[in-house]
There are 2 protein chains.
Amino acid sequence: MRNIAEAVNITTPALYNHFKNKQSLYLAAISDTFENKSELLLQALSGQEKPLLRLHRFITQLSQVLHDDPDFHRLMQRELLDGDEERLRYLAQEIFGASFQQMMELLVELNPDCDAHSLAVIIIGMVQKPYELNPLDRFFPDSRQQHNNPAYISGQVMAVLSTYLGDTV
Amino acid sequence: MRNIAEAVNITTPALYNHFKNKQSLYLAAISDTFENKSELLLQALSGQEKPLLRLHRFITQLSQVLHDDPDFHRLMQRELLDGDEERLRYLAQEIFGASFQQMMELLVELNPDCDAHSLAVIIIGMVQKPYELNPLDRFFPDSRQQHNNPAYISGQVMAVLSTYLGDTV
DNA sequence: TTTATATTAATGAGCGTTAATTAACAAGAT
DNA sequence: ATCTTGTTAATTAACGCTCATTAATATAAA
């Protein structure tokens with residue numbers, strides 16, 4: 001609370017005129033960070049274009065979001081580690097529910113026999129992990145600039161996926 | 001410190017007969033949790049068998065480790081979020097360096113043209129993300145038991161990968 | 001005049017840590 | 001065998017600091 005107050009140039013108790021307590025300020029921060037992202041992702045998945053194109057658009061969008069807003073990524077990770085049941089439900093249902101559903105339907109279109117749920121999770125992992133491992137990356141061999149580039153990452157992910165999904169279209 | 005002391009049935013100051021301070025206790029906990037895992041993963045990658053088989057063994061082993069030792073997974077995530085430079089270097093070099101190197105060499109064997117570094121990260125993401133999203137999973141549609149089963153997860157991951165890597169062997 | 005928003009000062013709880021002391025036990029000297 | 005000594009590991013009590021939060025009060029705008 002002291003850090004936040006300092007960052008917005010007021011004293012700590014003045015924060016309590018705007019938020020009931022630390023918890024409610026945190027929830028407001030989470031909501032503000034998450035809510036506009038979910039719409040971006042849903043839009044990328046929707047449309048009348050060919051499924052593989054929409055998948056590509058989603059992967060690129062997710063990669064871009066993770067790259068452009070590190071706070072979003074960090075808050076997400078922190079919630080997964082420490083979020084209580086109520087916050088996790090909020091995240092799963094209000095924030096990512098619609099996108100996840102849409103994603104699964106898209107995957108079934110591409111491959112009716114696949115386990116869409118499992119595949120969706122795997123794809124999210126492919127895109128997100130490069131950013132998650134980013135703090136470690138400079139200590140790994142063969143670390144290069146492009147490994148943190150959204151376009152490059154989504155290209156790599158699509159290369160792997162399109163051989164698996166492309167044949168079934 | 002109070003919680004740990006209570007868990008081991010001594011008083012808090014007695015802990016300081018065993019560890020200099022909280023930081024050193026934490027480092028000891030991390031080392032103990034991480035060090036034997038890295039050897040398991042390296043073993044799975046090594047050997048004279050066909051590359052695709054070794055990859056499968058690695059993915060299964062990683063999946064198994066993440067499933068069997070949730071503390072390992074949680075500590076890893078926490079270090080990625082909050083680890084200082086020294087601890088991240090330790091993790092990248094001492095713990096996962098050899099496995100990562102071996103993994104890259106294996107991927108080059110499978111596809112000499114691929115970006116092994118990028119691909120290695122993506123594969124780790126495919127395996128790890130199901131466990132990372134596990135707390136969220138029960139709020140998602142189509143949530144099933146098997147999505148937390150190591151054998152099932154590694155099967156799904158291999159299904160995606162083998163079409164991409166298998167053709168190039 | 002009321003409402004919103006800021007301030008200074010203080011409170012109470014929790015934290016890591018240290019001080020001072022004691023009990024248990026092993027090793028060497030008598 | 002007993003006594004001395006040193007080490008290890010436990011205890012109770014307390015310290016100093018940080019934290020979120022509240023009380024009491026002031027200021028500015030509607």
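Atom set for the values below is all heavy atoms of this structure, side chains included, hydrogens, waters and symmetry mates excluded. Order of the sequence lines sets the chain letters (A, B, ...), proteins ahead of strands, with each chain counted from 1.
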Does Arg89(A) come within less than 4.0 Å of Glu94(A), counting only side-chain N to carboxylate O?
-> no
Salt bridge Arg138(B)-Glu85(A), side-chain N to carboxylate O under 4.0 Å | yes
Any Lys/Arg nitrogen of Lys129(A) or Glu132(A) sitting under 4.0 Å from an Asp/Glu carboxylate oxygen of the other?
-> yes
Tell me which residues in residues 14-27 of chain B put a heavy atom below 4.0 Å from DNA chain C, sorted by number, or none.
-> Tyr16(B), Asn21(B), Lys22(B)
Find which nucleotide of DNA chain C each of Pro13(A) and Pro13(B) is nearest to by heavy atoms, and output the residue with the more 5' nucleotide.
-> Pro13(A)
Taking the side chain as C-beta and beyond, is there a heavy-atom pair between His147(B) and Phe140(B) under 4.5 Å?
-> no
Atom CD1 of Ile10(A) and atom C1' of dA20(D) are separated, to the nearest Å, by 15 Å
Please confirm whether any donor atom in the side chain of Arg2(B) sits under 3.5 Å from an acceptor in the base of dG14(C), or the reverse.
-> no
Roughly how many Å is it from CD in Glu6(A) to P in dC19(D), rounded to a whole number?
-> 11 Å
Distance, rounded to the nearest Å, where Ile4(B) contributes CD1 and dG16(C) contributes C1' | 12 Å
Would you mind reporting whether Ile59(B) and Leu161(B) have side-chain heavy atoms less than 4.5 Å apart?
-> yes
Sequence neighbours excluded, the answer for side chain to side chain contact (heavy atoms under 4.5 Å, CB included) partners of Leu27(A) is Gln23(A), Arg87(A)
Do Arg74(A) and Asp82(B) sit within salt-bridge range, that is, some charged N less than 4.0 Å from a carboxylate O?
-> yes
Given dT7(C), is OP1 or OP2 found less than 4.0 Å from the side-chain N or O atoms of Thr11(A)?
-> yes
Describe, as an angle rounded to 10 degrees, how the axis at the first end of the helix from dT1(C)-dA30(D) to dT30(C)-dA1(D) is tilted relative to the axis at the last end, five pairs per end.
-> 0°
Does the ring centre of Tyr164(B) sit less than 6.0 Å away from the ring centre of Tyr164(A)?
-> no
